[in-house]
Amino acid sequence: MPLRVHDTRRREKVDFTTMKPGVVNMYVCGVTVYDLCHLGHARCYLSFDLIHRWLEKSGYDVNYVQNFTDIDDKIIVRANETGEDWKALVEANIETYYRDMDALNILRADQYPRCTEFVEEMIAISSDLIEKGNAYVADDGVYFSIESAAEKYGMLTGQNIDAVRSGAGGRVQGTGSTKRDHKDFALWKSAKPGEPTWDSPWGPGRPGWHIECTAMSMDAFGEQFDIHGGGHDLLFPHHEAEIFQGECHTGCSPVVHHWLHNGFVNIDGEKMSKSLGNFWTIEDILEKIDPLVLRLSLINAHYRSPIDMNEQLLKDAAKNHEKILNCYRAALELRAENAVPLPEGDLASKIPLVKSMALLEMMAQGFAKAMDDDFNSREAIAKVLAAIREMGKMFSVLDGDDVEAFANFAVEWLEDTAGDVLGILPTRDLTLAEPEDDPRKAEIADEVEELLARRATARAAKDWEAADSIREELNRLSVEIIDTPNGTTWDLAP
RNA sequence: GCACGGGUGUCAGAGCGGCUAUGAGCGGGAUUGCAGAUCCUGAGACCUGAGUUCAAAUCUCAGCCUGUGCUCCA
């Protein structure tokens, strides 16, 4: 079954094709680095991380480019507010961007170009657009003239230029700009006092926002490429501006073969915004919850649907994540490197085993089918959850060589799907880590072990009252214990 | 106003012409000293109206409700 993707421009799911067989050139709009990353950024880059991972799993060689917007009004304003050098501000925020995204197990892109490195290219494109009659020089900069390519208006949002034309005029007045039409957007902004500037044929100034992505994607891929992604708020005007610039400059239509946009994150039913005070930075959330739980909660919906983030959602995700990890841990503990490969040996006695493996194969196919259907991670997660139930059943039914071999199979199954594609599995070492490996746990380990030993003695003597009171004592230390047939294990309470 | 989405059980959230989604929560049961984890199992749904069809959450039309964009925003 071929990969299908929803293309915003065509407004439907289409078969995914690439310009060059086996190679995907993908550009995703990055962050403007003036502040910490928030939940919305997490969702966006998580969405494209899944797309990135699935394309690679499908055998494509993916060239993933994501930019940093490192000069912009907001950066200048923020730097002025704090008295910090804007370059230092940019560097600091790029650092925290990497820190947050790494925590969420988002694979790095292949390139992270910064727009200040492409000022020359942007000037060249702007000059070309002026020559072609698609742009003009005004008092305060260079503007792209929408009317010069009116047929390209509304490509992504479906807006009708005639409806917008009728409202023109009023807003241009009073801004001090000599831009001809309120729909026109800036390619170059003339310098204002106290701002960082670059030289240009139109005097000192700095590039407009939209032109950077055209310059950087062209630098990376040439005139046309396969996927352009971003948040669904970038549809207008940013991505439509790119269509104007890119197509007029290159003469190619389309420049972008597949436009992909991710949905937004709401908080408790309201749009996330600073003014509402419900603005969640990744840094804040990760103080409270496991990054992989946050990751699971955000990929637990189709990437185009809006997500309403709330406590219940995180609770569900934590619970599911734990289930998956319990299964993964059990599989890792039960497996044996040298187990007899399956299915081999006396097949007649292994019918349940063979059936179960066939069932899991089908689930793996279901997983692939879900991902092939416009990266339906929610459906894919459902397959993983169904699979771990099957695995849990088999772990308790099988024994001996069979369980070892089946566990090998299960480890591979899980790493192939939940690990490589969904990115929600910790490393094998972390999954099997003993309490002592965590410094917070190491601190209390001796005390806990001593209490556990006393409890074990009490339990052996069937003194349940004493055993339970020791457990309560452990609970007061935020320690959770679990009795298993092989002894008692413990962990810090979540 | 214009544009683009969405309305599925208590909640989250897939499916989008015929087939148990899945998970949380709730109800039984197995296991367990108890708890936890695990497994088995039950109840519970497709906004309204009309149409197409042998068959409609699923397609068409109308209505109602709701989200988002149209200004910087992932």
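Order of the sequence lines sets the chain letters (A, B, ...), proteins ahead of strands, with each chain counted from 1.
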>> At under 4.0 Å between heavy atoms, how does the protein contact nucleotides 10-15 of chain B? Give one character per nucleotide, 5' to 3', with B, S or -.
In response: --BSSS
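- Using modelled atom types and a 3.5 Å distance limit, the side chains of A:Thr69 and A:Glu212 yield a donor-acceptor pair.
- Centroid-to-centroid, the aromatic rings of A:Phe68 and A:Tyr98 come within less than 6.0 Å.
- Annotation: salt bridge (Lys or Arg N to Asp or Glu O under 4.0 Å) contacts of A:Arg389 (sequence neighbours excluded): none.
- Between the CG atom of A:Asn93 and the P atom of B:A74 there is a distance of 12 Å, rounded to whole Å.
- In this structure, A:Leu235 places its CG atom 11 Å from C1' of B:C70, rounding to the nearest Å.
- Between A:Lys74 and A:Asn320, the residue whose closest nucleotide on RNA chain B is further toward the 5' end is A:Asn320.
- For A:His6 and B:G6, the NE2 to P distance is 9 Å, given to the nearest whole Å.
- Less than 6.0 angstrom separates the ring centroid of A:His228 from the ring centroid of A:Phe225.
- Among the heavy atoms of the strands lying under 4.0 Å from A:His38 is at least one base atom, whether or not backbone atoms are also near.
- In the set B:C4, B:A24, B:A74, the nucleotide with an atom closest to the side chain of A:Asn262 is B:A74.
- Residue contacts shown for A:Gly229 are absent, as no nucleic acid heavy atom lies under 4.0 Å away.
- Taking atom P in both B:C65 and B:U52, one finds a spacing of 28 Å when rounded to whole Å.
- The glycosidic torsion of B:A37 lies more than 90° away from 0, placing the base in the anti range.
- Within the nucleic acid shown, A:Gly231 comes within 4.0 Å of sugar-phosphate atoms alone, with no base atom in reach, counting heavy atoms only.
- To the nearest 0.5 Å, the span separating CH2 on A:Trp209 from SG on A:Cys115 amounts to 11.0 Å.
- Listed in residue order, the members of residues 98-105 of chain A having a heavy atom less than 4.0 Å from RNA chain B come to none.
- Two rings, from A:His239 and A:His210, have their centers 6.0 Å or more apart.
- Taking A:Arg454 as the reference, nothing meets the salt bridge (Lys or Arg N to Asp or Glu O under 4.0 Å) condition, with sequence neighbours excluded.
- Taking a 6.0 Å sphere around CD of A:Glu465, one finds it holds 12 or fewer heavy atoms contributed by other residues, nucleotides or ligands.
- A distance of about 26 Å separates the C1' atoms of B:C19 and B:G51, rounded to the whole Å.
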Check nucleotides 31-37 of chain B for protein N or O atoms closer than 3.5 Å to its own N or O atoms and list the pairs.
residue: B:G33; atom: O6; partner: A:Arg455; partner atom: NH2; Å: 3.2
residue: B:G33; atom: O6; partner: A:Arg459; partner atom: NE; Å: 3.2
residue: B:G33; atom: N1; partner: A:Asp468; partner atom: OD1; Å: 3.0
residue: B:G33; atom: N2; partner: A:Asp468; partner atom: OD1; Å: 3.2
residue: B:G33; atom: N2; partner: A:Asp468; partner atom: OD2; Å: 2.6
residue: B:C34; atom: O2; partner: A:Arg471; partner atom: NH1; Å: 3.4
residue: B:C34; atom: O2; partner: A:Arg471; partner atom: NH2; Å: 2.1
residue: B:C34; atom: N3; partner: A:Arg471; partner atom: NH1; Å: 3.1
residue: B:C34; atom: N3; partner: A:Arg471; partner atom: NH2; Å: 3.4
residue: B:C34; atom: N4; partner: A:Asp483; partner atom: OD2; Å: 2.6
residue: B:A35; atom: N1; partner: A:Asp483; partner atom: N; Å: 3.2
residue: B:A35; atom: N3; partner: A:Arg471; partner atom: NH1; Å: 3.4
residue: B:G36; atom: N2; partner: A:Asp483; partner atom: O; Å: 3.0
residue: B:A37; atom: O3'; partner: A:Asn326; partner atom: ND2; Å: 3.4

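- To the nearest angstrom, P of B:U38 lies 14 Å from CD of A:Glu333.
- Summarising the geometry, the separation between CG on A:Asn67 and P on B:C73 is reported as 12 Å, rounded to the nearest angstrom.
- B:U41 and B:U20 have their P atoms separated by 14 Å, given to the nearest Å.
- Distance noted for atom C1' between B:C59 and B:U71: 39 Å (whole Å).
- Using modelled atom types, one finds no donor on one side chain facing an acceptor on the other under 3.5 Å when comparing A:His258 with A:His6.
- If you take CH2 of A:Trp259 and C1' of B:G5, they are 19 Å apart, rounded to a whole angstrom.
- Applying a 4.0 Å cut-off to non-hydrogen atoms, the residues of residues 381-400 of chain A that approach RNA chain B are A:Ala382, A:Leu385, A:Ile388, A:Arg389, A:Gly392, A:Lys393, listed by residue number.
- Between the C1' atom of B:G67 and the CZ atom of A:Arg304 lies a distance of 15 Å, rounded to the nearest Å.
- For A:Lys74 and A:Tyr34, the positive end sits near the middle of the six-membered ring, less than 6.0 Å away and at most 45° from its axis.
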